[in-house]
Amino acid sequence: MLKRLSPRERFDALIADFEPVLRAAFLASIADIKSNVQLRLIVERLERNDIAGAIEALGIDRVAFNPLDEAIRQSFNAGGVAAVTGLPTLRDPEGHRIMVRFDIRNPGAENWLRNHSTELVSNIIADQRIVIRTVLTAGMEAGRNPRNVALDVVGRIDRATGTRNGGILGITSKQAEYVASMRERLLSGDTAELRKVLGMTRRDKRFDRTIIKAINEGKPVPADMVTRMTGRYSDSLLALRGETIARTEAMAALGESKKQAVLQSIENGNVSVSAVTKRWRSGPNTKSARDQHQAMNGQEVKFEAKFVAPDGTLLDYPCDQLEQSIRLTAAVIGISGSTILKGLSDGEAVFFSRH
């Protein structure tokens, strides 16, 4: 006999379904940008010291992120459909069951989806331009070969796959600083600096023997190996960013769609707003759970009211628009701490009617 899933289990199942979709969509967008790079054009502009022109030549625009936009829409729609499916059975005065559907074309739902996607992509693009400008400027000021500087941005073609690996496209400004730091340490030949590389958690450990050899000999790591090592490190950071965006965006889309589904039922006259209450339901009390969200477990408020976190923050649900500082820090700025990445999933707003 099949087990009937609880609302929380259905929500977790949706998160599990759409995280991979969102992650793949983000990475596909970055891969598309890399595959369409006109390296010669970028190099020519760098040779003229035209940094702005080189950035424009990369073709980083909103259209490139259409796969991510579509994945958010799918998550949003799935969350809304699941929300109305989980609502209590509603009946009219004559006792007939009222059909309730989620309408993704509803003006309120459309506005949220459009504004949310636009904001996310705009912030990703803005941060990318900052990252790229910093890397290109530093490389040219150091007198490096323009082609190598360009390759540090777009990555180098893997002969086995024909795709570009490495490069700083897709990673955040903070992550790009980590890559630059690794490169400097590997090329330094300084024993203490080389040992620091062994403490960088997202490094490719298969290169550790090379680093240890350089430490023992008191020499820098060969330049060609540095390029390979930093490239693998960049790829690891890009994967991490994909995971972070997937988690935060799945939570935001599903949380808002649930709210919009209930709001549509209210607007359609299926249920009275005064009859709808929402309760904060926290997930398991694990090390990854955010203390604030755990403390809110069981808190109940009316539909139009906000949950109140211990620090006074007002929330509709985890990752809602009033948690912009946290969501954007994790998804756009790219802080990699597991507490922020995993902790965003430890709460859920459950809507129900008392009548």
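Heavy atoms of other residues, nucleotides or ligands lying less than 6.0 angstrom from CD of Glu47 number more than 12. Around atom CZ of Arg114, more than 12 heavy atoms belonging to other residues, nucleotides or ligands sit under 6.0 Å away. More than 12 heavy-atom neighbours from other residues, nucleotides or ligands sit within 6.0 angstrom of CZ on Arg144. For CD of Glu70, the number of neighbouring non-hydrogen atoms (other residues, nucleotides, ligands) closer than 6.0 Å is greater than 12.
Between Phe307 and Trp280, the ring planes lie perpendicular to each other; the angle is over 60°, past the 30° to 60° tilted range. Ring geometry for Trp112 versus Phe76: interplanar angle under 30°, hence parallel rather than tilted (30 to 60°).
Remark: the backbone N or O of Ala64 is paired with a side-chain donor or acceptor of Asp61 at under 3.5 angstrom. Remark: side-chain polar atoms of Asp50 are not paired, donor with acceptor, to backbone N or O of Leu46 under 3.5 angstrom. Arg232 contributes no side-chain N or O that, together with a main-chain N or O of Arg203, makes up a donor-acceptor pair within less than 3.5 Å. Looking at Arg45, its side chain does come within 3.5 Å of a backbone N or O of Gly53 through a donor-acceptor pair. Remark: side-chain polar atoms of Arg183 are not paired, donor with acceptor, to backbone N or O of Val226 under 3.5 angstrom. Asn268 places a side-chain N or O within 3.5 Å of a backbone atom of Gln264 that can act as its donor or acceptor partner. Judged by distance alone, the side chain of Thr85 and the main-chain N or O of Val81 form a donor-acceptor pair under 3.5 Å. Judged by distance alone, with hydrogens and angles left aside, the side-chain atoms of Lys196 form no donor-acceptor pair with the main-chain N or O of Arg185 at under 3.5 Å. Under a 3.5 Å cut-off, the side chain of Asp235 and the backbone N or O of Gly166 do form a donor-acceptor pair. Side-chain atoms of Thr313 never come within 3.5 Å of backbone atoms of Ala309 as a donor-acceptor pair (strictly under, hydrogens ignored).
In this structure the side chain of Leu68 reaches within 4.5 angstrom of the side chain of Leu120, judged on heavy atoms. Side-chain atoms of Asn148 and Arg156, non-hydrogen and from C-beta on, do get closer than 4.5 Å to each other. Considering only heavy atoms from C-beta on, Arg241 comes within 4.5 Å of Gln175 through its side chain. Contact annotation: the side chain of Lys34 never approaches that of Asn165 to less than 4.5 Å [non-hydrogen atoms, C-beta and beyond]. Considering only heavy atoms from C-beta on, Leu186 comes within 4.5 Å of Met182 through its side chain. Tyr233 has its side chain out of reach of Asp204: every pair of non-hydrogen atoms, C-beta onward, lies at least 4.5 Å apart. The closest side-chain heavy-atom distance from Arg62 to Thr118 is below 4.5 Å. Counting heavy atoms from C-beta on, the side chains of Arg23 and Ile245 never come closer than 4.5 Å.
For the residue pair Thr172 / Asp127, no side-chain donor-acceptor distance below 3.5 Å is found, with atom types taken as modelled.
The pair Arg105-Asp103 does not meet the salt-bridge criterion, since no charged nitrogen lies less than 4.0 angstrom from a carboxylate oxygen. Between Lys306 and Asp316 there is a salt bridge, since a side-chain N of the basic residue sits under 4.0 Å from a carboxylate O of the acidic one.
Listed here is the closest heavy atom pair of Ile72 and Ser117: CG2-OG, 3.9 Å. When all heavy atoms are compared, the tightest approach of Val154 to Leu169 is CA-CD1, 4.0 Å. Heavy-atom minimum distance, Pro20 versus Ile15: CD-O, 4.4 Å.
Taking OG from Ser75 and CG from Leu254, the interatomic distance works out to 6.0 Å, rounded to the nearest 0.5 Å. The distance from atom CD of Glu243 to atom CG of Leu240, rounded to the nearest 0.5 Å, is 5.5 Å.
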